[in-house]
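Lettering of chains follows the sequences in order, A, B, ..., and the numbering in each one begins at 1. Computed from a predicted model, the values in this text were never measured in an experiment.
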Number of protein chains: 2
Amino acid sequence: MSATTADAERLVRIGEVARDAGVSVRAVRYYEQQGLLTAERSPSGQRLYPREAGARVRFFQQMYAAGLSSRNIAELLPCIESGHTDAEQRAMLHAERDRIRAKIDDLQAALDRLDEVIEVTASHP
Amino acid sequence: MSATTADAERLVRIGEVARDAGVSVRAVRYYEQQGLLTAERSPSGQRLYPREAGARVRFFQQMYAAGLSSRNIAELLPCIESGHTDAEQRAMLHAERDRIRAKIDDLQAALDRLDEVIEVTASHP
DNA sequence: CTAAAACCTGACGTTGACGTCAGGGTCAAG
DNA sequence: CTTGACCCTGACGTCAACGTCAGGTTTTAG
């Protein structure tokens with residue numbers, strides 16, 4: 001009830017965002033440089049983030065882990081925030097999805113090969 | 001029947017291996033440099049490979065795609081060829097298998113997130 | 001008030017799997 | 001015989017997501 005204008009102050013500094021997301025401070029600055037993240041500045045110039053910043057950074061990590069580049073993620077963000085996509089964005093989304101699917105299949109195939117090796121060599125200690 | 005000593009001559013040059021495996025000639029030379037591949041040499045110094053070399057290179061590609069390094073693959077090869085492993089090798093094999101499994105899960109999670117975005121934005125053209 | 005902890009801006013370093021260029025042999029075909 | 005197509009050995013270039021160091025300001029704990 002008392003939270004309409006009062007908690008706009010609930011801002012955190014970069015170190016907390018980094019710890020929250022499990023990445024380095026350097027990484028968070030890098031994301032800003034890549035246009036993935038923006039920050040207010042304190043009078044002395046320190047970055048101030050809303051508390052959701054940590055979750056946002058974890059999302060970046062998830063996308064990076066899936067093989068998306070900073071550029072891809074940057075293109076992805078407006079789609080999420082606006083809920084709207086143009087033709088080019090839809091094409092990108094589908095291409096990335098297909099790429100990830102293919103990669104999962106590749107990984108599964110590689111996993112099977114490794115398991116073969118493990119099984120065969122398990123009987124010959 | 002006539003193939004006991006006669007087809008040791010069935011050797012191919014690097015370009016054919018590369019085409020066969022779908023990689024660059026440079027890549028094949030790189031694999032040799034990493035100790036993954038050995039080649040005979042013609043009198044003039046050209047590399048000569050047995051015809052299975054293409055399949056071998058495709059195997060490398062599969063492992064690279066799974067995130068193994070040249071070093072990992074190099075450690076893997078003797079396990080395959082000898083069918084024997086020591087403790088360190090078994091540890092590596094298990095570690096890599098677990099890593100790949102975890103990566104598949106990560107990719108699946110990322111895929112789900114992407115699909116969410118695609119589904120949401122599909123209704124808002 | 002002071003020292004440690006955290007932040008700032010550059011800017012160069014790292015890593016791996018190649019790409020690419022330089023400069024030069026080799027080999028079947030016409 | 002010469003023109004391509006293919007091969008050779010270095011050796012420097014690339015790209016992305018940070019790591020790391022330098023040199024300096026700010027915030028916090030005591």
Side-chain angles (χ1 to χ4, degrees), chain A residues 9 11-50 53-54 56-77 96 99 103 106 110, chain B residues 9 11-49 53-54 56-77 96 99-100 103 106 110:
Chain A
E9 318 280 281
L11 298 172
V12 298
R13 292 191 301 173
I14 196 171
E16 193 169 335
V17 174
R19 268 191 309 278
D20 188 10
V23 303
S24 69
V25 166
R26 174 68 171 96
V28 178
R29 290 201 194 101
Y30 175 75
Y31 302 152
E32 176 174 334
Q33 197 181 340
Q34 299 302 302
L36 306 180
L37 211 53
T38 56
E40 288 181 50
R41 293 300 181 119
S42 78
S44 66
Q46 302 203 347
R47 294 173 177 82
L48 296 175
Y49 299 90
R56 195 178 167 91
V57 169
R58 283 196 298 273
F59 175 71
F60 298 159
Q61 287 293 113
Q62 188 175 28
M63 293 300 116
Y64 281 129
L68 301 222
S69 64
S70 295
R71 200 156 141 58
N72 288 146
I73 301 176
E75 291 171 14
L76 181 56
L77 291 177
E96 288 306 316
R99 211 184 42 70
K103 197 160 183 177
D106 287 353
Chain B
E9 318 279 280
L11 298 172
V12 297
R13 292 191 301 173
I14 194 170
E16 193 170 335
V17 173
R19 269 192 307 280
D20 187 11
V23 304
S24 69
V25 167
R26 173 68 171 97
V28 178
R29 289 202 195 100
Y30 176 75
Y31 303 151
E32 177 174 334
Q33 197 181 343
Q34 299 302 303
L36 306 180
L37 211 54
T38 56
E40 287 181 51
R41 294 300 182 118
S42 78
S44 65
Q46 302 201 346
R47 292 174 177 82
L48 296 176
Y49 300 89
R56 194 177 167 92
V57 169
R58 283 196 298 274
F59 174 70
F60 298 159
Q61 288 293 113
Q62 187 175 28
M63 292 302 115
Y64 280 129
L68 302 220
S69 64
S70 294
R71 199 155 141 60
N72 288 146
I73 301 176
E75 292 172 14
L76 182 56
L77 291 177
E96 288 306 316
R99 211 184 42 69
I100 296 176
K103 198 161 183 176
D106 287 352

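The side chain to side chain donor-acceptor pair (under 3.5 Å) test applied to R99(B) returns E96(B), not counting sequence neighbours. Taking the side chain to side chain donor-acceptor pair (under 3.5 Å) definition, one finds that S42(B) meets it with S44(B), sequence neighbours left out. Annotation: side chain to side chain donor-acceptor pair (under 3.5 Å) contacts of T38(B) (sequence neighbours excluded): none. Every residue two or more places apart in sequence or in another chain that forms a side chain to side chain donor-acceptor pair (under 3.5 Å) with Y64(A) is listed here: S70(A).
Paired with V17(B) under the rule side chain to side chain contact (heavy atoms under 4.5 Å, CB included), one option of V12(B), V23(B), V25(B) passes, and it is V12(B).
Residue-level contact check: R71(B) touches neither bases nor backbone, having no heavy atom under 4.0 Å from any strand. Counting any heavy atom pair closer than 4.0 Å across all strands shown, R19(B) reaches no nucleic acid atom.
The closest donor-acceptor contact from the side chain of R58(B) to the backbone of D20(B) lies under 3.5 Å. R56(A) places a side-chain N or O within 3.5 Å of a backbone atom of L36(A) that can act as its donor or acceptor partner.
One interatomic measurement links the two molecules: CZ of R13(B) to C1' of dC27(C), which rounds to 8 Å at whole-angstrom precision. A straight line from CD of Q46(B) to C1' of dC27(C) spans 8 Å, rounded to a whole angstrom. Rounding to whole angstrom units, CG of residue L36(B) and C1' of dG16(C) are separated by 13 Å. Computed from coordinates, the E40(B) CD to dC7(D) C1' distance equals 17 Å when rounded to whole Å. When rounded to the nearest whole Å, the span between CG of L48(B) and C1' of dT26(C) equals 13 Å. The CD-P distance, from E16(A) to dA6(C), rounds to 12 Å in whole Å.
Under 4.0 angstrom from either OP1 or OP2 of dC8(C) there lies no side-chain N or O belonging to S44(A). A sub-4.0 Å separation between OP1 or OP2 of dT9(D) and a side-chain N or O of R41(B) is present.
The stretch residues 59-70 of chain B has no heavy atom under 4.0 Å from DNA chain D, so no residue of it qualifies as close. Residues of residues 22-35 of chain B having a heavy atom closer than 4.0 Å to DNA chain D, listed by number: R26(B), R29(B).
Rounding to the nearest 0.5 Å gives a distance of 10.0 Å between CZ of R26(A) and CD1 of I14(A).
Residues F60(B) and L77(B) meet the side-chain proximity criterion, which asks for heavy atoms closer than 4.5 Å.
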